[in-house]
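Here's the structure, in structure tokens; my notes come after.
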Amino acid sequence: MSGRLHGDRMSLYDHRSIEAKWQKVWDEQGIYKTSTDRTRPKYYVLDMFPYPSGAGLHVGHPKGYVATDIVARARRMMGYNVLRVMGWDSFGLPSERQAERENTHPALITARNIQTFKDQLSRLGLSYDWDRELATSDAKYYKWTQWIFLQLYNAGLAYRSETPVNWCPALGTVLANEEVKDGVYVETGDPVERRSMTQWMFRITAYADKLLAGLEDLDWPDGIKKQQRDWIGRSVGAEVSFAVAGTGHSFKVFTTRPDTLIGCSYAVLAPEHELVEAITTPERAAAVHAYREQVKRRSDRDRMAQAADAPKTGVWTGAYAVNPVTGEEVQLWIADYVLAGYGTGAVFACPAHDERDHAFARTHGLAIREVVAGGDVQTAAYTGDGPHVNSDFLNGLDIETAKKVVTSWLEERGSGREMVQYRLRDWLFARQRYWGEPFPILERPDGTIVTVPEAELPVVLPELAEFKGTGDGRPPLARAEEWVKAKDPVTGLPVQRETSTMPQWAGSCWYYLRFISPDRDDVAWDRGDESYWMPVDLYVGGAEHAVLHLLYSRFWHQVLFDLKLVSTPEPFKRLYNQGMILANSYRDARGKYYYPTQVEEKSGTWFVKGTDTPVERKLEKMSKSRYNVENPDDMCDQYGADALRLYELFMGPLEDTAIWETTGVAGTRRFLERAWRLVVDPETGERPSKLVDHAVDDRPLERSLHSMLKKVSEAVDSLKFNTAIAEMMMFVNEATRASAVPVEAVDAFVRVLAPFAPHVSEELWARLGHSESVTGASWPSFDESKIKADTLTLSVQVNGKLRATIEVAPDISAEDAIATAKRSESVQKFVAGGTIRREIYVPGRLVNLVVN
RNA sequence: GCCCGGAUGGUGGAACGGUAUACACGGAGGACUUAAAAUCCUCUGCCUCACGGCUUGCGGGUUCGAAUCCCGCUCCGGGCACCA
């Protein structure tokens with residue numbers, strides 16, 4: 001037993017017995033079960049559910065969970081019907097890899113990890129309705145993930161396509177773009193290469209405009225909305241046709257600057273463009289071929305590393321493109337700064353007004369022709385506005401007008417039209433992995449597709465002994481030969497099951513809906529309950545999900561809304577991002593990490609303890625691999641769940657990145673002990689005599705109480721828990737100092753403390769004589785009039801510098817305040833010798849005398 | 001390179017354009033104790049013996065008054081990577 005905290009003194013409460021006692025009571029009474037009462041207003045508060053990794057929970061996880069728990073508990077006390085649930089995003093590659101390492105089944109690994117997470121979460125006293133727990137890898141759950149896939153498929157939003165994909169040979173799987181950075185898988189560092197494969201795709205681009213428009217009314221951080229807008233990347237421009245001189249071929253370009261068409265001095269195709277082969281002249285064939293080979297060999301890593309700053313490479317094809325406006329023939333090049341995957345994979349180049357074209361033209365000695373006045377285009381591209389010059393019928397027009405004029409000019413001649421492009425691509429929705437949802441899809445020998453009838457869902461993931469791909473590029477499920485064989489539901493003939501699985505996003509796209517009816521086997525969710533609970537009122541999680549998870553979820557939800565399967569157009573009304581938790585990590589020159597206990601500081605630098613091996617000390621995101629995780633279990637043991645809960649939020653604002661540092665937790669523990677002693681006399685263990693049943697004339701105490709009640713009440717909405725906790729501390733300090741405290745005040749305090757520190761509050765509530773759980777108690781109201789002070793302290797400034805403070809009546813007039821201020825000795829000292837030029841009175845705040 | 005945050009005591013942080021540093025940690029001193037722990041009380045931004053002066057990353061500006069608003073930087077964290 002750590003004697004410092006758990007002596008047998010009665011002045012300290014024993015958090016272990018209290019936590020065990022009340023968690024048992026809550027459990028037995030089913031106190032956090034969701035009410036079926038539909039007459040009360042609802043509040044759906046949701047945490048981004050975790051991926052149950054083998055590493056278990058660390059102190060960064062509970063920060064958001066505690067915050068939402070406070071909101072949930074407080075809202076219940078305020079009379080809301082609260083939906084508060086937790087589940088597991090339990091499909092995914094790490095479990096599959098762990099299974100391979102340990103030679104067990106991913107399902108067992110997953111079950112074990114879930115149990116660890118759940119045990120750790122339970123210790124914190126979070127008020128989840130565990131009857132609604134779900135796991136995305138559970139067939140009862142993914143049955144409906146498959147069902148939603150079918151809804152999207154039937155709506156024409158899922159299709160198969162031959163696509164270049166990120167193939168990871170080490171894992172034998174395809175990775176999404178967002179999982180690959182610098183040519184390697186972000187999770188493991190395994191190299192990734194390009195390979196062409198038939199893949200399932202979602203037509204998310206069809207929803208680009210809806211996804212943009214839907215952001216308008218959401219109560220989300222502006223930064224997240226902006227990131228989503230940028231990711232969708234809507235740009236309005238024109239599609240313009242260029243003929244290839246003397247060939248009968250033509251190609252289209254997309255441009256946001258059709259007004260600069262006349263300044264076009266060459267055109268560029270992506271090296272992968274389908275026309276390259278056909279239009280390259282024999283003399284240039286060797287060079288073109290060599291360049292295309294070079295580009296193909298260049299890894300994504302190199303291409304990205306060199307992006308933007310590197311010299312732009314490319315070769316001339318020997319062909320000429322015909323400018324549709326001027327009829328002029330310009331050289332047609334291929335260059336890898338033009339991306340095959342965006343727009344039409346071809347651009348016209350106007351070096352004078354585009355930085356990339358400018359860089360390319362300078363490197364390759366191509367002409368730079370000014371068409372918008374305002375810059376020195378030979379030196380640098382000019383992208384600002386100005387009157388058009390050298391531009392025939394566009395001369396004198398500004399950019400906006402010129403764009404319109406030239407676009408309609410092109411339209412009239414059938415060589416162009418206005419067009420909107422998105423940066424957003426269709427969503428690659430398939431993985432060559434085992435541990436994911438199978439597709440409810442069958443393929444006939446002729447290659448056509450049949451869907452598995454809804455009545456036959458779920459398509460259960462087959463058992464396998466080996467989870468790697470087949471080695472010839474087919475996914476692991478191809479190993480389940482019997483499973484792959486199926487009967488055509490229409491014709492009864494043999495068909496084959498789709499062997500890829502869905503990506504991890506699938507399960508997390510709609511879990512908030514399943515929480516509404518987790519046990520229903522006949523429907524994914526009950527329509528009546530769905531229209532009661534949706535949308536999610538408050539969704540809390542890390543900002544790292546700013547784009548992908550939140551965009552994919554919104555996409556599915558909007559589709560479901562259009563199919564009239566859900567009642568709201570958007571799933572998450574309010575979004576709040578909790579900040580990361582960082583901790584110091586220590587690493588030597590070879591890159592080996594050390595635990596904080598293995599290092600020491602010597603005159604400002606850090607060394608491995610007892611050696612002269614220097615280590616680098618760095619603040620990094622908490623993770624097991626960096627040897628810098630703090631486990632909440634230890635803190636729970638030593639300080640109690642309540643002190644830990646308070647500390648997680650007292651550290652600073654919820655949205656801020658915070659450095660984990662444990663010294664401060666003693667402060668929240670001491671606060672709880674002080675609160676305890678307001679109700680329990682440390683000598684007798686009984687109610688202290690200073691706790692009285694009648695009102696007490698103690699204005700500061702009363703003011704502190706009501707100010708605290710106000711602050712905490714507001715925090716339930718603003719989520720500014722750090723300052724709310726400070727107010728509670730101030731109240732307890734005030735009450736500790738007071739000689740008599742009305743029991744009514746402590747009663748109110750315990751109620752607002754309860755969402756923050758539920759165990760100790762429950763015990764105190766019982767000791768105050770209540771037989772029902774504080775969970776169901778009413779939220780105390782505050783009296784604004786009691787927060788006001790009897791007298792005001794005005795500060796008196798001379799020329800903006802503080803020279804005195806004066807005590808005045810709260811309702812003092814401006815004249816009196818200024819007069820009183822002038823009488824002050826120290827003020828007179830600074831006014832002497834000058835003339836008062838101006839007198840400023842800010843009611844209730846200050847007087848400022850301007851003197852010279 | 002672009003976009004988004006941030007920078008306040010020894011430390012985490014607080015502050016409708018109006019007394020900068022609430023609350024907490026740490027530190028110092030005191031009370032209680034045989035002693036220690038715990039608890040309680042007092043002090044704790046910097047300079048100065050003091051009067052007083054200085055202080056919210058740096059430099060300007062707006063204002064009677066700026067941590068807060070504007071302009072120009074520096075550093076740190078995060079995101080995006082040639083999107084025509």
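Numbered from 1 within each chain, the chains take letters A, B, ... in sequence-line order. This is a predicted model, so every value here is computed, not measured.
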Within residues 656-675 of chain A or reaching into it, pairs that qualify as ring pair (Phe, Tyr, Trp, His ring centres under 6.0 Å) - sequence neighbours excluded: A/Y647-A/W660
A/Y13 six-ring centre to A/R669 NZ/CZ under 6.0 Å and within 45° of normal: yes
Counting any heavy atom closer than 4.0 Å, what does [X] reach on the DNA or RNA strands: base, sugar-phosphate only, or nothing?
X	answer
A/V850	sugar-phosphate
A/N733	sugar-phosphate
A/R674	sugar-phosphate
A/R229	nothing
A/T668	nothing

Give the rounded distance in Å between these two atoms: [atom1] of [X] and [atom2] of [N].
X	N	atom1	atom2	answer
A/Q421	B/rA84	CD	C1'	10 Å
A/R803	B/rG65	CZ	P	14 Å
A/L802	B/rG18	CG	C1'	11 Å
A/I840	B/rC64	CD1	C1'	3 Å

Is there a side-chain polar atom (N or O) of [X] under 4.0 Å from OP1 or OP2 of [N]?
X	N	value
A/Y342	B/rA84	yes
A/R356	B/rA84	no
A/R670	B/rC25	yes
A/R677	B/rC40	yes

Donor-acceptor pair present, A/K226 side chain and B/rC3 base, under 3.5 Å: no
Polar pair under 3.5 Å, donor/acceptor by atom type, side chain A/R737, base B/rC41: no
Residue met sooner reading RNA chain B from 5', once A/A726 and A/S795 are mapped to nucleotides: A/S795
5' priority, RNA chain B, between A/Y422 and A/G664 [closest heavy atom]: A/G664
Could you check which nucleotide pairs with [N] in any of the strands shown, counting Watson-Crick or G-U wobble with both distances under 3.5 Å?
N	result
B/rG29	B/rC41
B/rA35	none
B/rC69	B/rG61
B/rC16	none

From C-beta outward on [X], which listed nucleotide comes closest to its side chain: [options]?
X	options	result
A/F254	B/rA84, B/rG53, B/rA22	B/rA84
A/L846	B/rG18, B/rC25, B/rC64	B/rG18
A/R423	B/rA81, B/rC64, B/rU19	B/rA81
A/K801	B/rC23, B/rC54, B/rA84	B/rC54

Ring pair (Phe, Tyr, Trp, His ring centres under 6.0 Å) partners of A/F749, counting only residues at least two apart: A/F731
N-O pairing of A/E825 and A/K829 below 4.0 Å: no
A/C264 to A/F242 - nearest heavy-atom pair and separation: SG-CE2, 4.3 Å
Side-chain touch A/F830/A/V796, heavy atoms, less than 4.5 angstrom: no
Letter per nucleotide, 5' to 3', of nucleotides 8-15 of chain B [B base touched, S only sugar-phosphate touched, - untouched; heavy atoms, 4.0 Å]: ----BSS-
Anti versus syn assignment for B/rG9, with syn defined as within 90° of 0: syn
Donor-acceptor side-chain pairing of A/E727 and A/S707 below 3.5 angstrom: yes
A/E418 and A/T407 side chains, donor-acceptor separation under 3.5 Å: no
Nearest-angstrom distance, P atom, B/rG12 to B/rG57: 13 Å
